[in-house]
Novice: 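Could you have a look at this structure, given as structure tokens, before my questions?
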Amino acid sequence: LLDVALELGADLVDLSDSAAYATIVAAERERIAAGSIAVLTGCSAISAVAATLVRASGIAAPRQVDLWLAPASRETAHVATARAMLASIRPGPRVRCDFAPVRGFPVDSALRVQLPAIWPSLERAAFWVDPHARGFAPLLALAARARPLRIALWLAAPVGVRLTRLLGARDGIVALRVAGADGEARWLLRAPRGSYRLAIAPAMLAVRDLASGNSALRGLVPADRMVGALDLLAYVQRLGIGITRS
């Protein structure tokens with residue numbers, strides 16, 4: 001897709017949250033700059049939203065960023081996302097968020113590529129995912145440690161998705177904590193229904209600005225510069241997603 005965008009001279013916006021893909025795109029930085037296009041990779045609820053909120057926190061040199069996600073699993077469960085989760089989950093204890101009802105497994109994501117590129121002061125950029133469906137946490141805990149079970153769950157993903165559609169939650173939660181030498185900020189985004197629309201909010205805004213011809217974005221765009229913080233927060237609230245900062 002990137003090769004085609006460079007050939008055509010077209011801007012590129014994607015929703016990928018894969019650390020491997022983010023690494024591949026980052027290696028193409030010079031070729032992207034020479035192509036005079038804008039490439040916004042990870043323009044989604046993980047990299048773009050997290051980076052925008054970190055920037056909006058006003059903490060100049062963040063040292064730790066923790067992002068928790070408890071998806072509206074009843075509304076968003078799909079075979080592809082389930083298998084992506086299984087491929088990205090890492091061994092380790094579930095970590096509880098102390099300001100939201102979320103307890104997540106460590107999951108590899110583009111955060112570990114995107115955020116340190118912006119803030120070299122970062123010592124940790126962690127992503128924690130709560131399955132948000134009854135009975136799935138013990139299975140995921142075992143899958144993170146045992147490859148045979150992970151393969152079995154990968155094969156059984158179509159059945160698991162059907163169960164998640166019955167047993168999963170309708171509300172969705174995103175919680176972010178950013179800490180540095182000059183303080184700590186906490187963000188909570190939550191909605192009883194429709195929280196999954198947060199995933200495309202940054203891309204909607206970015207594509208609108210690029211299509212208008214008024215955007216000055218060029219090259220490989222850092223995740224915190226893809227959208228304006230005020231625009232993003234206002235758009236998210238219009239979607240019915242509540243935002244709390246402390």
Side-chain angles (χ1 to χ4, degrees), residues 1-62 65 67 69 109-122 125 127 172 174 176 178 185 187 189 191 194-243 245:
L1 187 61
L2 178 58
D3 290 338
V4 172
L6 286 165
E7 180 183 346
L8 297 178
D11 298 325
L12 174 60
V13 180
D14 71 58
L15 304 176
S16 173
D17 290 317
S18 161
Y21 181 72
T23 301
I24 291 170
V25 175
E28 300 287 348
R29 184 182 304 274
E30 292 185 5
R31 193 159 69 102
I32 293 168
S36 298
I37 65 171
V39 174
L40 287 69
T41 185
C43 192
S44 69
I46 308 304
S47 296
V49 170
T52 301
L53 295 182
V54 171
R55 177 68 66 187
S57 299
I59 296 175
V65 171
L67 179 68
L69 169 65
S109 77
L111 276 185
R112 70 170 175 85
V113 179
Q114 298 263 39
L115 268 58
I118 304 167
W119 295 283
S121 58
L122 268 179
F127 183 39
V174 171
L176 178 91
V178 50
W187 296 84
L189 287 70
S195 62
Y196 56 86
R197 290 180 292 177
L198 179 65
I200 62 166
M204 292 291 291
L205 293 172
V207 168
R208 181 198 65 186
D209 291 343
L210 289 166
S212 71
N214 296 323
S215 176
L217 297 177
R218 287 295 180 271
L220 181 58
V221 181
D224 65 321
R225 302 297 184 189
M226 294 178 181
V227 295
L230 294 179
D231 288 343
L232 178 62
L233 295 175
Y235 186 80
V236 167
Q237 288 179 315
R238 288 199 299 272
L239 293 176
I241 300 172
I243 303 171
R245 177 183 175 178

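Predicted model, so just to flag it, every value in this text is computed and none were measured.
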Novice: When rounded to the nearest 0.5 angstrom, what is the spacing between CZ in Arg245 and CG in Leu189?
Specialist: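 Here the rounded value is 12.5 Å.
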
Novice: Side-chain atoms of residues 39-57: list all donor-acceptor pairs with protein atoms under 3.5 Å, sequence neighbours left out, distances to 0.1 Å.
Specialist:
residue, atom, partner, partner atom, Å
Thr41, OG1, Asp14, OD1, 3.1
Thr41, OG1, Asp14, OD2, 3.0
Ser44, OG, Asp17, OD1, 2.7
Ser44, OG, Asp17, OD2, 3.3
Ser44, OG, Ile46, N, 3.4
Thr52, OG1, Ala48, O, 2.7
Arg55, NE, Asp224, OD2, 2.8
Arg55, NH2, Asp224, OD2, 2.6
Ser57, OG, Leu53, O, 2.7
Ser57, OG, Trp187, NE1, 2.9

Novice: If you compare all heavy atoms of Met226 against all heavy atoms of Val221, which two are closest, and at what distance to 0.1 Å?
Specialist: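 Residues Met226 and Val221, closest heavy atoms: CE-O, 3.6 Å.
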
Novice: For Ile241 and Gly194, which heavy atoms make the closest approach, and how far apart are they?
Specialist: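 Taking every non-hydrogen atom into account, CD1-O, 4.4 Å.
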
Novice: Measure the CD1-OH distance between Ile200 and Tyr235 for me, rounded to the nearest 0.5 Å.
Specialist: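 Here the interatomic distance stands at 6.0 Å.
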
Novice: So among Leu1, Leu220, Val113, which one has a side chain to side chain contact (heavy atoms under 4.5 Å, CB included) with Val25?
Specialist: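 Only one option passes, and that is Leu220.
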
Novice: Are the side chain of Arg218 and the backbone of Ala33 linked by a donor-acceptor contact shorter than 3.5 Å?
Specialist: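 No, because the side chain of Arg218 does not come within donor-acceptor range (under 3.5 Å) of the backbone of Ala33.
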
Novice: Rounded at 0.5 Å granularity, tell me how far CG in Leu210 sits from CG in Asp11.
Specialist: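 So the gap between those two atoms works out to 5.0 Å.
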
Novice: Measure across Ala203 and Val13 and return the closest heavy-atom pair with its distance rounded to 0.1 Å.
Specialist: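 The pair with the smallest heavy-atom distance is CB-CG1, 4.0 Å.
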
Novice: Looking at CG of Leu2 and CG of Leu12, how far apart are the two atoms once the value is rounded to the nearest 0.5 Å?
Specialist: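 Answer for the CG-CG pair, Leu2 versus Leu12, is 6.0 Å.
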
Novice: Which atom names give the shortest non-hydrogen contact between Ala10 and Ile37, and what distance separates them?
Specialist: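 In this case the closest contact between Ala10 and Ile37 is O-CD1, 3.4 Å.
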
Novice: Using side chain to side chain contact (heavy atoms under 4.5 Å, CB included) as the criterion, point out the one residue from Asp209, Leu217, Leu233, Leu232 that pairs with Val227.
Specialist: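 Of the listed options, the one satisfying the test is Leu232.
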
Novice: Would you indicate whether the side-chain heavy atoms of Arg31 and Leu6 approach each other to under 4.5 Å?
Specialist: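 A side-chain contact exists here, since the closest heavy-atom pair is under 4.5 Å.
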
Novice: Drop me the distance from Arg197's CZ to Arg238's CZ, to the nearest 0.5 angstrom.
Specialist: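 Answer for the CZ-CZ pair, Arg197 versus Arg238, is 12.0 Å.
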
Novice: Are any of the side-chain heavy atoms of Asp231 and Arg208 separated by less than 4.5 Å?
Specialist: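 Yes, at least one pair of side-chain atoms sits under 4.5 Å.
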
